[in-house]
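Before any comments, here is the structure.
Worth knowing before you read on, the calculation uses all heavy atoms, side chains too, and leaves out hydrogens, waters and symmetry mates.
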Amino acid sequence: MSETHTQAQTQQTATATVQGWLSNFDQALQAQDIQGVLALFNEECYWRDFLTFTWNLKTCEGKDAIQAMLNATLENARPSNWQLEGEATQNGDVIESWFTFETAVASGKGYLRLKDGKCWTLLTTMQSLHDFPEPRNHHRPKGAEHGANKLRETWLEAREREEAELGYTQQPYCVVIGGGQGGIGLGARLKQMGVPTIIIERNERAGDSWRKRYKSLCLHDPVWYDHLPYIPFPEHWPVFAPKDKLGDWLEMYTKVMELNYWSSTECQNAHFDEAAGEWVVNVKRNGEEITLRPKQLVMATGMSGMPNVPTFAGAESFAGEQQHSSQHPGPDAYKGKKCVIVGSNNSAHDIAAALWEHDADVTMLQRSSTHIVKSDSLMEEVLGPLYSEEAVAGGVTTEKADLIFASIPYKVLPDFQRPAFEAIKQRDAEFYQKLEDAGFLLDFGDDDSGLFLKYLRRGSGYYIDVGACDLVANGDIKLRSGVGIERINPHSITLTDGSELEADLIVYATGYGSMNGWAARLISQEVADKVGKCWGLGSDTTKDPGPWEGELRNMWKPTQQEALWFHGGNLHQSRHYSHYLALQLKARMEGLETPVYGLQPVHHTS
């Protein structure tokens with residue numbers, strides 16, 4: 001029997017297995033036979049739901065959690081019509097497949113993994129609301145108005161009227177604070193869903209949050225991972241976009257997606273008017289004070305939140321320059337200067353390398369270990385199967401890649417990631433040895449699960465190497481590791497081992513605090529504490545204290561503060577999760593029932 005024939009038989013068997021499972025699942029759900037549903041799951045099982053049952057982003061781990069979720073949600077969700085999409089595939093002892101389904105108010109799509117004929121992982125995601133389809137494909141607007149009409153309004157006139165009215169004579173339903181890639185992508189989703197929205201951005205132009213960073217900055221994630229909603233980057237776009245090029249794309253995107261984007265506008269403060277059920281948001285736009293009254297408020301100030309600027313004894317006496325990495329202008333002014341970079345993650349390496357290229361004397365101060373992964377290795381061993389030219393050629397669209405990645409519950413994601421990072425360890429063993437020989441402190445995460453888990457747990461502690469590590473390994477960038485700062489002097493830094501570093505410039509590449517720091521500044525500390533820490537999984541690893549949460553804290557889902565939402569993350573997360581956040585806001589605007597199951601309790605305030 002040929003190998004091709006055997007593969008076809010395996011696929012037929014896998015497809016039949018999934019069809020049978022989906023049919024039994026559909027029947028049990030429609031009969032509200034929860035015990036019958038549970039019988040279709042393995043003892044180790046995970047159901048990750050994006051809105052369709054829970055109106056939340058929620059992972060149920062184990063049969064007891066699934067039973068509790070269904071007891072609370074099944075009657076309202078009324079799921080039906082579970083259909084296999086395409087053919088199932090078999091990978092070892094796991095059968096995987098796509099499927100579609102419907103609820104009372106929405107259409108859904110999901111991904112299923114079976115082991116021994118029973119469910120191991122299940123992803124269910126809301127794709128669209130039945131009664132409120134987006135105006136695309138068969139629903140796209142006509143554009144031209146045929147016939148005669150003395151009151152005809154052109155597209156330009158309508159657009160100018162909208163810009164003149166929204167925020168003045170008409171109130172937006174939603175205000176998004178922060179007009180970087182996150183706010184822009186979410187704004188595009190909301191625009192397409194017909195949700196009147198104003199995006200507040202303090203910079204003069206869309207894209208300035210990238211343009212104003214250090215001049216050597218390029219994206220560290222590849223183009224296939226970084227597309228915005230609706231308009232993908234063109235096929236000639238570079239794999240790693242330079243910051244100014246990305247800034248120009250965001251500015252163009254904001255215009256062609258017809259977003260109500262208020263640049264040169266700063267939010268002064270905001271509070272929730274309980275009686276009116278709306279926010280009071282005071283902004284200053286080009287010097288004019290305006291009060292907005294949206295029903296929903298989204299903080300899209302960036303996953304990183306407020307800059308962490310450490311305080312050291314004697315800092316006020318320093319005669320040179322001190323700046324956080326977010327304020328670093330670039331290397332041009334520092335030729336021949338003694339520059340100390342406090343930190344050893346992405347920004348620290350990028351800034352150190354650019355300063356070295358401009359003939360500065362650079363020392364990196366590494367206070368704790370860093371996870372390093374070479375860009376090429378990350379592309380080939382980790383991202384490639386989902387986000388690459390080869391993946392696209394194999395039929396893995398951006399949408400499919402996002403859902404496949406989302407289908408892996410965070411509890412088991414370390415097990416999925418470890419083999420790839422173990423392969424990278426072996427592949428780049430000589431590279432890592434050189435770094436360690438130079439005194440660099442390396443790690444692969446607390447449990448050797450690599451970059452993505454470190455990012456999800458704490459949003460820091462790693463560098464995707466695009467060349468700076470060679471400069472560290474060969475001593476071009478000097479390294480002091482395992483020490484901290486004792487005090488800062490007028491022209492030097494005294495380290496905790498008693499040694500001294502001369503310095504003309506100190507760059508604090510020391511990361512950022514939780515996003516709820518912006519809520520404290522713009523709303524109140526009380527509200528910031530009420531919603532609690534943003535980001536992290538509760539993995540009980542470094543900088544991600546337990547208990548286990550199962551999803552990222554407070555991101556893209558309801559919080560403990562009514563009508564307050566948080567949106568952020570990298571370009572991939574902003575693209576994918578903006579869809580679910582926009583659907584939640586649209587459903588509320590249209591008055592749909594959105595009973596939230598499993599609203600997250602607060603365990604940490606910062």
Side-chain angles (χ1 to χ4, degrees), residues 212-218 220 242-243 304 307-372 431 434-442 460-512:
K212 292 184 177 182
R213 296 294 304 280
Y214 53 92
K215 77 175 196 177
S216 62
L217 177 62
C218 292
H220 287 188
K243 69 178 183 74
S304 301
N308 271 335
V309 181
T311 54
F312 296 110
E316 70 286 348
S317 71
F318 187 63
E321 289 184 65
Q322 299 178 78
Q323 55 201 208
H324 188 264
S325 58
S326 61
Q327 303 161 322
H328 179 65
D332 295 9
Y334 303 106
K335 180 175 182 177
K337 303 287 188 181
K338 294 187 181 300
C339 305
V340 176
I341 315 296
V342 181
S344 54
N345 299 334
N346 269 339
S347 294
H349 279 84
D350 282 353
I351 292 169
L355 285 166
W356 176 86
E357 288 177 348
H358 284 70
D359 298 319
D361 181 333
V362 189
T363 301
M364 181 182 291
L365 188 60
Q366 184 189 30
R367 299 174 298 167
S368 57
S369 63
T370 307
H371 172 50
I372 302 286
F431 165 77
K434 285 180 180 176
L435 277 174
E436 290 191 312
D437 289 347
F440 197 88
L441 304 174
L442 287 169
S460 65
Y462 53 85
Y463 169 55
I464 301 172
D465 179 44
V466 292
C469 283
D470 288 337
L471 298 175
V472 174
N474 65 25
D476 288 326
I477 294 173
K478 302 181 182 73
L479 176 70
R480 297 299 307 272
S481 59
V483 292
I485 293 176
E486 183 70 34
R487 65 171 288 109
I488 295 175
N489 311 306
H491 301 284
S492 65
I493 298 170
T494 302
L495 302 179
T496 50
D497 63 358
S499 62
E500 198 164 321
L501 280 177
E502 288 183 63
D504 302 304
L505 169 71
I506 304 172
V507 179
Y508 298 110
T510 45
Y512 300 83

Quick one: list whatever passes side chain to side chain donor-acceptor pair (under 3.5 Å) with [X], sequence neighbours left out.
X: Asn489; value: Arg487, Ser492, Thr494
X: Ser460; value: Arg458
X: Ser326; value: His324
X: Asp476; value: Asn474

Working to the nearest 0.5 Å, report the span between [atom1] of [X] and [atom2] of [Y].
X: Cys339; Y: Ile351; atom1: SG; atom2: CD1; answer: 10.5 Å
X: Leu471; Y: Leu479; atom1: CG; atom2: CG; answer: 12.5 Å
X: Phe431; Y: Cys469; atom1: CZ; atom2: SG; answer: 4.0 Å
X: Ser325; Y: Asn308; atom1: OG; atom2: CG; answer: 10.0 Å
X: Ile485; Y: Phe312; atom1: CD1; atom2: CZ; answer: 4.0 Å
X: Met364; Y: Leu355; atom1: CE; atom2: CG; answer: 10.5 Å

Got a sec, which residues hit salt bridge (Lys or Arg N to Asp or Glu O under 4.0 Å) with [X], two or more places apart in sequence or on another chain?
X: Lys215; value: Asp332
X: Asp361; value: Lys338, Lys478
X: Lys243; value: none

Going by the rule side chain to side chain contact (heavy atoms under 4.5 Å, CB included), which residues pair with [X] if we only count those two or more places apart in sequence or in a different chain?
X: Leu442; result: Ile372, Tyr432, Leu435, Glu436, Phe440
X: Ser317; result: Pro490
X: Ser499; result: Arg480, Leu495, Asp497
X: Glu321; result: Gln323, Tyr334, Leu505

Which heavy atom in [X] sits nearest to a heavy atom in [Y], and how many Å separate them?
X: Cys218; Y: Pro242; answer: SG-CA, 3.7 Å
X: Arg213; Y: Ser347; answer: NH2-OG, 3.6 Å
X: Ala503; Y: Val340; answer: CB-CG2, 3.9 Å
X: Gly439; Y: Ser481; answer: O-OG, 2.6 Å
X: Asp350; Y: Ser216; answer: O-OG, 3.9 Å
X: Ala348; Y: Gly343; answer: CB-O, 3.3 Å

Whether over 12 other heavy atoms sit under 6.0 Å from Lys212 NZ: yes

Glu500 atom CD, over 12 foreign heavy atoms within 6.0 Å: yes

Derivation of the side-chain contact (heavy atoms from CB on, under 4.5 Å) call for Thr496 and Arg367: CA-CA 10 Å; Thr496 50; Arg367 299 174 298 167; over 6 Å; no

Residues His349, Asp465; criterion side-chain contact (heavy atoms from CB on, under 4.5 Å); working and verdict: CA-CA 8 Å; His349 279 84; Asp465 179 44; 5.7 Å; no

Main-chain N/O of Ala509 paired to Asn345 side chain as donor or acceptor, under 3.5 Å: no

Test ring pair (Phe, Tyr, Trp, His ring centres under 6.0 Å) applied to Tyr508 - qualifying residues, sequence neighbours left out: none

Derivation of the side-chain contact (heavy atoms from CB on, under 4.5 Å) call for Ile341 and Ile477: CA-CA 10 Å; Ile341 315 296; Ile477 294 173; over 6 Å; no

